[in-house]
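In what follows, a single structure is set out as structure tokens and then discussed.
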Amino acid sequence: MPFQTDLILTKREQILEFIKLRHYVRTSDLIKFGLSIYTNRGDRYGRDLAEEGRIRRLTDDEKIMRFGNIKEDVWQFIK
């Protein structure tokens with residue numbers, strides 16, 4: 001059987017798939033997931049993905065509506 005490269009994801013792609021699967025992710029969850037895949041850049045990857053327009057940070061009003069009054073950022077998958 002030939003080696004299938006489509007099954008291998010980079011750490012950054014794994015972070016994106018995690019956000020895609022959960023749709024909304026708190027920063028603490030992003031960091032925990034990053035540590036579970038042996039990277040301490042989970043939060044940084046999230047901010048990089050937001051800069052590219054693949055995820056977005058919820059506004060304070062949206063966070064309060066969905067999660068209550070929390071101090072950490074919440075990320076949403078968009079594309």
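The first residue of the sequence shown is numbered 1, and numbering continues consecutively from there. Note that the structure is predicted; figures quoted are calculated from it, not measured.
By the 6.0 Å contact criterion, CZ on R54 is open, its count of non-hydrogen atoms from other residues, nucleotides or ligands being 12 or less. Counting heavy-atom neighbours within 6.0 Å of K20 NZ, excluding the residue itself, gives a total of 12 or less.
No side-chain heavy atom of L21 sits less than 4.5 Å from a side-chain heavy atom of E17. Between R41 and D48, the closest side-chain pair of non-hydrogen atoms falls below 4.5 Å.
In this structure a side-chain-to-backbone donor-acceptor pair under 3.5 Å is present from T27 to D73. The main-chain N or O of E72 is found under 3.5 Å from a side-chain atom of K63 such that the two form a donor-acceptor pair.
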D29 and R22: side chain to side chain contact (heavy atoms under 4.5 Å, CB included), yes or no, with the steps? CA-CA 10 Å; D29 296 331; R22 299 202 37 205; 3.5 Å; yes
Intermediate values then yes/no, side chain to side chain contact (heavy atoms under 4.5 Å, CB included), I70 and R26: CA-CA 10 Å; I70 61 174; R26 295 179 301 160; 4.2 Å; yes
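Residues passing the side chain to side chain donor-acceptor pair (under 3.5 Å) test with R56, sequence neighbours excluded: E62, Q76. Contacts of K32 classified as salt bridge (charged side-chain N to carboxylate O under 4.0 Å, His left out), with partners at least two apart in sequence or in another chain: none.
Using a 4.5 Å cut-off between side-chain heavy atoms of Ile, Leu, Val, Met, Phe, Trp and Tyr, I15 falls into a hydrophobic cluster with L16, F18, I19, V25, L30, F33, I37, Y45, L49, I55, W75, F77.
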